[in-house]
Amino acid sequence: MAAELSKKRKKKRKKYYRMRKNRVGASLFMFLLNSLIMVGLVHGFAFIFMISSINSNIEDEYKTKSALVRIYEMARSSGSTGYEVFDTAGLDYFIRNKDGSIGHTHGKITCSDSFFSYDMPASYGDPSLPDDELVQVDLYYDTEDQLISKDSKGGLGFDVKNIMKIALDRLGLFFGAGDSSADDRGYEDLDIEMPLWMGIDMKDGEQTLVFKADIGMRSTAVGSLIIVYMLMIVLFVVILITMIIDAVTAATDHHRLNQLIFTDMKIKAKNWLWFMYNAEQKLEAASTRRHFALADVEFVGFRRFCACNSIDEGETMMSDVYNSINRLIDKKELCAYNAEGRFALMLEYTDKDALKERMDKMLSELGNTGHESAAAFHAGVFLTDANNLNAKEIDIEAELANASAACASLADNEGTAVAFYDEKFIEEQRWIDTVAQIQQKAVDNEEFMVYYQPKYDPRTNELRGAEALIRWQSPEYGFLPPYKFIPIFEKNGFITEIDHYMLTHAARDQKKWLDAGLHCVPVSVNVSRAHFIEDDLAEQIRDIVDSEGTPHELIEIELTESAFFDDKKAMIRTISRLQSYGFAVSMDDFGSGYSSLNSLKDMPLNVLKLDAEFFRGEQAGTDRGEIVVSEAIRLAKSLDMRTVAEGVEVKEQVELLASLGCDMIQGYYYAKPMPSADYEQCVRAGRSDPESEDVIPVKLDKPGEKEPVPV
Ligand code: C2E
Ligand code: CA
Ligand code: CA
């Protein structure tokens, strides 16, 4: 698993690397290659140029000195020493006898011992000889002048660097402005002498003339060489400049392209790709002891905000939020815009609670980002340690998707909130999936049970009604209270099916008890908000109750207060139709929301159910709380509505409610929700005596105690 992830990560990194890679390296390589070729070319050219120039020099020397040798030989044969022939020619030379002894010297002898052989057409020295006959001459280096030397293979070597230096020096003198002596030296001064000592056999090998040959590069050759060098340098500089410009342009283009790839241009923020690239690198380099959190932060209602204002304003807002987040996070943490009002964050933490606190603080600060109305933010957070992963094992894409799933679970929450993707969350998600899979089977197998919670008149303790409350006896998951599945059904839409189920079974029970001759009281059934959207809801309810043959007055419909925010006209129509069919309609949980009074104004309701919060909240038992309850009851009465107080657990409250004229009490003080068989006993008894120990139903022993579950 970890190996697979590492492979995946490496592959991804390669992809990003390729994207980010600068081409400067390639340009540099090309530049170096070009330079090398250039230097090679120049040197090669110079070398060939020098060789050919020197070869022709050697051959010229040989030719002229061979002529002198012939004159010398003629002079010798006429009795003279013949030396004057060479002396008048101004040679530095010596004559070596066959046995190696030096016969005669003249001038400065700087001939070295090392020599090499040079082949040349014999016709140079003697035009009478054929062209293809070669004659071998020995060449010796000059000990003072090192411009020509032996190369590593024993051939002719040139000190190109020094030759060029001398050439340029002389060129400087030659062109030297205002230096008259340089002018006088003239063009000739460009000559570069590179003397070699040359041996020419005389008197049929009896003697050898070894003389300092005037070898070198003539001014024209040096001039041409310098011009070629100059041209090459100019060309080289031009190519260098072109390449530098090219490399700089490529680098800036590349930088711009990178910016483009890694930036959300609309809100000028780093984007998802940037986040992935950097997060991967950070996690890979991080020690396994560090804890990381990946968060998906969402501006709640981004689209609505854009629709109400404008897309531009939405984007400006996101840009501000992005900047705020960056101010609130550490430099080594990451934040990127992930489109549609969402941000991806990578944070570091040591303690989950501290992180939760930090997130809460951050989101509430974001809520005040430069806009008049406070904005709400949701965050889904994936934690490494909560999921038993270390930094190197995180698959960022997958875990951010999990953080998003946690964030999505907050969808119903209008305010700012944080959800963690941890064991608990995963368990919840699994449960949501499981419920969706088994819900239909549970209905088909009649796993849902109707529990009844009686409503009593607090003054007489007489049974006045009951509320049908669902319970799920699942063969796999045991006995489940409504909070475990009703919110899931409300989300996945199955609630309408459940409402039908409960109505059918409650009506069926009522009919059964009626037929058994019991004195039945109305049973209220909860109808969900989702259900109220249906146009023919009143007719559906009527038909279900009719199909069980139950009188309509024995069924009451409970609507939760939040349902009253929907389409008011349609709601009033449905309520009126239900009433016209003889069903009483009650408003559930009155006082738990904000718009209750307004709803009361418009809705022609029969019953008002005071929310349990009245008797449990902070105001409960205080004078102010009492005033609110008494006024609510008074208001209901003036609107010709009956009142039911929910969640009443203690005697004092019952007595108070009785004194305030509350019609019914549905609470643990009298009875908890109970299976239908137990409720049947309550109906048979018709009244309750909560003070007695052995009454039906069993009264609550301690406030807040849970109802009994069937075995
Ligand atoms: P609700 O409609 O407000 O139901 C009243 C809840 O308060 C019941 O919880 C009941 O057991 C509880 N209760 C009543 N008296 C007391 C008391 O003195 N002390 C305490 N601590 N609790 C008391 P229950 O049965 O768990 O139902 C919870 C919610 O589930 C219901 O709130 C209702 O919104 C929903 N629900 C239950 N059955 C159905 C159903 O058949 N259809 C629909 N749509 N929703 C249902
Ligand atoms: Ca209810
Ligand atoms: Ca209620």
Side-chain angles (χ1 to χ4, degrees), residues 439 442-443 447-456 458 465-472 479-507 509 522-532 537 541 544 555-563 584-593 596 605 607-617 620 643-654 657 664-676 679 690 697-709:
Q439 59 193 24
V443 165
E447 290 171 21
F448 295 105
M449 295 155 58
V450 185
Y451 263 41
Y452 291 94
Q453 187 178 28
K455 301 169 190 166
Y456 286 98
E467 179 176 1
L469 293 161
I470 195 167
R471 299 292 179 266
W472 185 353
F479 186 78
L480 302 167
Y483 77 87
K484 289 256 189 192
F485 55 90
I486 289 290
I488 300 175
F489 291 156
E490 275 170 349
K491 265 193 200 145
N492 72 16
F494 198 64
I495 192 72
T496 53
E497 188 90 6
I498 289 297
D499 284 353
H500 280 162
Y501 181 97
M502 289 296 284
L503 184 64
T504 307
H505 284 75
D509 283 347
V523 163
S524 59
V525 179
N526 291 287
V527 174
S528 78
R529 176 182 181 162
H531 219 143
F532 249 79
L537 177 68
I541 291 174
I544 290 169
I555 297 292
E556 191 178 301
I557 302 300
E558 276 193 26
L559 274 174
T560 179
E561 195 194 22
S562 62
V585 182
S586 62
M587 183 198 270
D588 201 359
D589 304 336
F590 174 77
S592 64
S596 317
L605 296 154
V607 182
L608 191 68
K609 291 189 81 177
L610 301 176
D611 192 70
E613 274 306 297
F614 279 120
F615 316 106
R616 270 185 240 138
T643 45
V644 179
E646 275 192 297
V648 179
E649 296 187 354
V650 290
K651 193 178 170 194
E652 295 72 44
Q653 281 174 344
V654 176
L657 286 161
M664 285 168 264
I665 284 187
Q666 177 191 342
Y668 286 4
Y669 173 74
Y670 281 108
K672 297 170 209 166
M674 61 190 81
S676 63
Y679 174 63
V698 179
K699 70 163 186 164
L700 177 80
D701 294 326
K702 290 185 215 98
E705 189 195 333
K706 287 264 179 277
E707 68 202 53
V709 293

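First listed ligand is number 1; within each ligand, the first listed atom is number 1. For reference, positions follow the sequence shown, starting with 1. Values below: every heavy atom of this structure, side chains too, minus hydrogens, waters and symmetry copies.
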Is S528 in polar range of ligand 1, meaning some N or O pair under 3.5 Å apart?
no
Give a yes/no on ligand 1: does E490 have at least one heavy atom closer than 4.0 angstrom to it?
no
Y679 and D509: side chain donor to acceptor below 3.5 Å
no
Need the atom name: nearest N/O/S atom of D588 to the Ca ion (ligand 3).
OD1
dist T496:OG1 -> Y501:OH (nearest 0.5 Å) comes out at 15.0 Å
Can you tell me which N/O/S atom of E467 has the shortest distance to the Ca ion (ligand 2)?
OE2
For the Ca ion (ligand 3), decide whether D611 has an N, O or S atom at a distance under 3.0 Å.
no
Only heavy atoms of E649, strictly under 4.0 Å: list the atoms of ligand 1 that pass.
17 (C), 18 (O), 19 (N), 20 (C), 21 (N)
Which of I495, I557, L503 passes side chain to side chain contact (heavy atoms under 4.5 Å, CB included) with V527? Answer is I557
If the contact criterion is a heavy-atom separation under 4.0 Å, does G647 count as touching ligand 1?
yes
Is there a donor-acceptor pair under 3.5 Å between the side chain of Q453 and the backbone N or O of A671?
yes
With a 4.0 Å heavy-atom cut-off (strictly under), which part of K455 contacts ligand 1: side chain, backbone, both or neither?
neither
N, O or S from E646 under 3.0 Å to the Ca ion (ligand 3)
yes
Check whether any N, O or S atom of N526 sits under 3.0 Å from the Ca ion (ligand 2).
yes
Part of V527 within contact of ligand 1 (heavy atoms, under 4.0 Å)
neither
Do Y669 and F615 have their ring centres less than 6.0 Å from each other?
no
Under 4.0 Å from one or more heavy atoms of D499, ligand 1 contributes atoms 42 (N), 43 (C), 44 (N)
Heavy-atom side-chain contact between D588 and E646 under 4.5 Å:
yes
I need the atoms of ligand 1 closer than 4.0 Å to a non-hydrogen atom of G667, numbered in the order shown.
15 (N), 18 (O)
What distance separates L608 CG from T643 OG1, expressed to the nearest 0.5 Å?
7.5 Å
So if I count the atoms of ligand 1 from 1 in the order they appear, which ones are less than 4.0 Å from some heavy atom of D589?
3 (O)
Under 3.0 Å from the Ca ion (ligand 3), is there any N, O or S atom belonging to D589?
yes
Q439 CD to W472 CH2 distance, which is reported to the nearest 0.5 Å
7.5 Å
Short version for E646: what comes under 4.0 Å of ligand 1, heavy atoms counted, is side chain
So, does I498 sit close enough to ligand 1 that a heavy atom of it is under 4.0 Å from the ligand?
no
I495 neighbourhood, listing ligand 1 atoms whose heavy-atom distance to it stays under 4.0 Å:
44 (N)
Looking only at heavy atoms, what is the nearest atom pair of G647 and R616, with distance?
CA-NH2, 3.5 Å
So among P482, P487, P481, which one has a side chain to side chain contact (heavy atoms under 4.5 Å, CB included) with K484?
P481
Flag side-chain contact, heavy atom, 4.5 Å: N526 against E467:
yes
Closest approach to the Ca ion (ligand 2) by E558, given as the N, O or S atom name
OE1
Near V648, which atoms of ligand 1 are under 4.0 Å from a heavy atom of that residue?
18 (O)
Considering R616, M502, E467 one by one, which has a heavy atom nearer to atom 41 (O) of ligand 1 than any of the others?
M502
Counting only nitrogen or oxygen atoms and a 3.5 angstrom limit, does D588 reach ligand 1?
yes
Within ligand 1, which atoms have a heavy atom of L469 less than 4.0 Å away?
4 (O), 8 (C), 10 (C), 25 (O), 37 (C), 38 (N)
Would you say the side chains of S524 and K455 form a donor-acceptor pair under 3.5 Å?
yes
Please state whether the rings of F489 and F448 are parallel, tilted or perpendicular, taking 30° and 60° as the class boundaries.
perpendicular
Is there side-chain contact between P675 and Y451, with at least one heavy-atom pair below 4.5 Å?
yes
